[in-house]
Amino acid sequence: MSGIGHNGGPSIEAGFGFRKLAWGKARKSLLKTLPIEIVRVRVARAKRLGIDYTTYASIRAASGHDVVAFLFSGNALEMTPRRLILPDHVTERLEGLEGAADRLAAIYAPAHPDALLSANPGLLDHAAPAPRFTESWSAMRDRIQGMVRERGLPADGVVLVSATAVEREWCAAGKLAGAIPADRFFAAAQPA
């Protein structure tokens, strides 16, 4: 129970320390006993998705599911209302995902999702309007979850690729599997 004077710290009810210790040991033992064949399959999957194994394993462990799609913000794709054709390094990275995971995009107004899809045929599987900056948390949640649900995807299998802190909130609002900063996601495809 929290009340006046409570600092919001962790609970100190009986057994808390033991439960924390037991959970930590169970988690460590799980990671140690993962069969090598499964690790190999997961390393190959991470490579196919173009993300490092540590990131892939963290997302998979947190969500309990494989990555089935990436949701890109318009900023992550480096698009603007006047420039709908995506830069070469973004195009190359998206082409590499074909068949590995769905590629979704959340596009800011005044750009239209259909215009982005037409300007970049075959690069994205779906595009929809992005949450507006003035929308409430629940409206943002409904928009992100609706976009994912429209494709028939499990939210906890979708990874957000975002360029701003505001966009990273979409991950929690939509109950997505995780988030990767756009600069890190597209780094492998960047020209040197």
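Start at 1 with the first residue, then count along the sequence. Computed over heavy atoms, backbone and side chain alike; hydrogens, waters and symmetry mates excluded.
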More than 12 heavy atoms of other residues, nucleotides or ligands under 6.0 Å from CD of Glu135: yes or no? yes
Please determine whether the number of non-hydrogen atoms from other residues, nucleotides or ligands lying under 6.0 Å from atom CZ of Arg132 exceeds 12. no
Donor-acceptor contact below 3.5 Å, side chain Arg93 vs main chain Gly50: yes
Nearest 0.5 angstrom please: Asp142 CG to Arg149 CZ, how far? 7.5 Å
Any His65 side-chain heavy atom under 4.5 Å of Arg60 side chain: no
Regarding Arg184 and Thr55, do their side chains bring together a donor and an acceptor under 3.5 Å, going by distance alone? yes
Heavy-atom closest contact (Ala76 atom, Val161 atom, distance): CB-O, 3.4 Å
Locate the shortest heavy-atom distance separating Leu84 from Ala111; write the atom from each residue and the value. CD2-CB, 4.2 Å
On a heavy-atom basis, the closest approach of Leu116 and Ala105 is CD2-CB, 4.1 Å
Do you know the tightest heavy-atom contact between Ala179 and Cys171? N-SG, 4.1 Å
So, taking the atom named CG in Leu49 and the one named CZ in Arg42, what distance separates them when rounded to the nearest 0.5 Å? 13.0 Å
What closest approach, in Å, do Pro131 and Ile144 show between heavy atoms, and which atom pair accounts for it? CG-CD1, 3.8 Å
From Thr164 OG1 over to Phe133 CZ, what is the distance, rounded to the nearest 0.5 angstrom? 6.0 Å
Lys/Arg N to Asp/Glu carboxylate O, Asp156 vs Lys175, below 4.0 Å: no
From CG (Leu94) to NE2 (His89), nearest 0.5 Å: 9.5 Å
Begin with the C-alpha distance, continue with both residues' side-chain angles, and end with the deciding distance and a verdict on side chain to side chain donor-acceptor pair (under 3.5 Å) for Ser162 and Glu167. CA-CA 6 Å; Ser162 63; Glu167 294 166 350; 4.8 Å; no
Minimum heavy-atom separation for Phe70 to Ile180, with atom names? CE2-CD1, 4.4 Å
Applying salt bridge (charged side-chain N to carboxylate O under 4.0 Å, His left out) to Arg151 and not counting sequence neighbours gives Asp102
